[in-house]
Amino acid sequence: MKIARITTHVLRVPLGDLHFYSSQAAFPERTSLLVRIESDNGLVGWGEGGQYGPPEPVASAIDDVLAPLLIGKAADDPVAVWERLYAFSRDFGQKGTYVEALSAIDIALWDLTGKAQGRPVHALLGGAFRDRITAYATGCYYREDFRDSASMLRNLQAEAETYANAGFGILKMKVGLLSVQEDAERVACVRKAIGDDISLLVDANHAYSATTAIRMGRALEEHGVLWFEEPVVPEDRDGYRRVREALDVPIAGGEAEFTRYGFRDLVAGGCVDIVQPDLCVSGGISEFVKIHALASTFGVLTVPHVWGSGIALAAGIQALATVPPTPHTYAPVPLQNEPVIEYDRTSNPLRDELLVENFGLEDGHLVVPQGPGLGVTVDEDVLCRYETS
Ligand code: MG
């Protein structure tokens, strides 16, 4: 089975009134870069990459540079392809655009390999530890009302309640846009809304210096927060260590890190308790396996970051199905030693409409697809609706 054709698809959906903010940026739209790889026997695999910044440079890296190297090559050798492409781009692409392009190609080739063999990706990786995964809701971003404290807290409370009512046992909220004091009030508001039975995670999107992060972290500990994500900028390894040593709340990070080499520094450097490789950014499924192996030897739990279309979510679920409880116990506890899947709840039609099968929450879990490859089917009519190129 050889690679016959590679096409990229830039998808873009304006959010209108549903736009939102993290500590770093406004989100007026959702975008994805999908890659479609077709084999000479007519099978099709899908991958995704380039979700953080504009998707066009990632599309160009694939269309103009990487795809021509792959046409006519074996379509079911994703690990070998990864190593060859990374060796090719090492001198100019150790992080960023080229690794995102590689991620998309890698995911598509795993999908294609699974379809050729009639087996799901989790089986190709050696087998699953679970057939459904506890999902955590990612929401409680900032809305347009973030400058009006009373309105913000009222709407935040209402939003948090919707996740509790939907059956989520874990919620992740945002901090970092406002002062430590104002954001501590947001955390207190959400904790009150969801009660003590729902676990609360907090994500700063690297808004703080180490000293401010420690101040925020102490406030989070008062509210029983179970992880503090990206407290400082990803380049600041020493800051991560200072924050982690000063606080009891577990530190999570890695969504802006790339390849096993980047994660080596984060994990072996004692920076985090939980690593969050994004499969569509950090190097795809092939690199996820290596990052997870590295993390597990340091006792660090791997919980992928998931931010993208249904393809990104399917890839995250397939990979996460293969992560054993860390450490092993007879009855693993979600977050404590059992991995959980990120289920972004902000508006994104590319996540909710793109697949024929679209994922839905079942008793607080997402079900691991058992079909071949990623186990999902792209609805090409929906693809056309949101495609810009
Ligand atoms: Mg995050």
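Position 1 is the first residue of the sequence; numbering continues from there. Note that ligands are numbered from 1 as they come in the structure, with each ligand's atoms numbered from 1 the same way. Just so it is clear, the values below take in all heavy atoms, side chains as well, and ignore hydrogens, waters and symmetry mates.
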> Could you name each residue pair satisfying ring pair (Phe, Tyr, Trp, His ring centres under 6.0 Å) that touches residues 200-246, not counting sequence neighbours?
Tyr136-Trp227
> Taking the Mg ion (ligand 1) as the centre, count the protein N/O/S atoms lying under 2.8 Å from it.
3
> Would you please name every residue forming a ring pair (Phe, Tyr, Trp, His ring centres under 6.0 Å) with Phe20, sequence neighbours left out?
Phe27, Tyr141
> If I take atom OG1 from residue Thr388 and atom CG from residue Leu11, how far apart are they, to the nearest 0.5 angstrom?
7.0 Å
> Scan the side chains in residues 263-279 for donor-acceptor partners under 3.5 Å anywhere in the protein, sequence neighbours excluded, and list what turns up.
residue	atom	partner	partner atom	Å
Asp273	OD1	Arg244	NE	3.1
Asp273	OD1	Arg244	NH2	3.0
Asp273	OD2	Arg244	NE	3.2
Asp273	OD2	Ile251	N	2.8
Gln276	OE1	Gly253	N	3.3
Gln276	NE2	Glu229	OE1	2.9
Asp278	OD1	Cys280	N	2.9
Asp278	OD2	Tyr52	OH	3.4
Asp278	OD2	His305	ND1	2.7

> Examine the side chains of Glu357 and Thr377 and answer whether a donor and an acceptor come within less than 3.5 Å of each other.
yes
> Around atom CZ of Arg84, are there more than 12 heavy atoms from other residues, nucleotides or ligands closer than 6.0 Å?
no
